[in-house]
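All figures in this text were calculated on a predicted structure; none of them were measured in a lab. When reading the values below, keep in mind they use all heavy atoms of this one structure, side chains included, and skip hydrogens, waters and symmetry mates. Order of listing sets the numbers, starting from 1, for every ligand and every atom in it.
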Amino acid sequence: MSLSLPPQAHGHLGHTDPDCLFCKIVAGKIPSKVVYQDDEIFVFHDIHPWAPVHFLMIPKVHIPSLAHVGEAHVGLLGRMMVLASKLALQEGCNPYPEGGFRLLSNTGAEGGQEVHHLHIHVMGGPRPWIKS
Ligand code: 5GP
Ligand code: ZN
């Protein structure tokens, strides 16, 4: 498989932004309830959960959004997807198919993105949720 890289995909590997909220959380400058971390991925609870289980998965490097990823990020994104399922169960989501979970990555203003560091919301747990 070959994917074409958007121009903005270059230059983001290894980069952090000192003014970015989520970069500060990764660096420990702002406290968070950490779920998981490894060399490239950081996972923490959302400060305003709208489901019984609600955590955020982010790359440790500063990638502004899903609109900025390219071929260089395929492995990272794949690992985040695989990890989402494992951590959802660990954090209290019920098993598929009666349980399950939802992934969401708001991208850009019209996508509802407020924090411009790529993140995947993982939500689950018994209904009702604050937002459906
Ligand atoms: P977005 O709307 O950009 O997809 O979502 C950003 C998410 O980050 C929101 O759900 C919001 O509650 C969460 N958030 C914003 N500031 C903080 C913070 O300081 N700590 C944590 N843990 N979550 C935050
Ligand atoms: Zn950042």
Of all the heavy-atom pairs spanning [X] and [Y], show the shortest one and how long it is.
| X | Y | result |
| --- | --- | --- |
| H73 | I63 | CD2-CD1, 3.5 Å |
| A51 | M123 | CB-CB, 3.9 Å |
| L56 | H119 | CD2-CD2, 4.2 Å |
| P59 | L118 | CD-O, 3.3 Å |
| L103 | M81 | CD1-SD, 3.6 Å |

- Spatial distance of atom NZ (K86) from atom CD (E91) [nearest 0.5 Å]: 11.5 Å
- Item | Protein residues that have a heavy atom under 4.0 Å from any atom of ligand 1, sorted by chain and number | L21, F22, I25, F44, H45, D46, I47, H48, L56, N106, G112, Q113, E114, V115, H119, H121
- Query: Linking I/L/V/M/F/W/Y whenever any side-chain heavy atoms sit under 4.5 Å apart, do V115 and V43 land together?
  - Reply: no
- Item | Atoms of the protein (N/O/S only) found under 2.8 Å from the Zn ion (ligand 2) | C20 SG, C23 SG, H62 ND1, H117 ND1
- Item | Y36 and F44 aromatic centres sub-6.0 Å | no
- Task: Ignoring hydrogens and angles, state whether a donor on the side chain of H54 or H121 is under 3.5 Å from an acceptor on the partner side chain.
- Result: yes
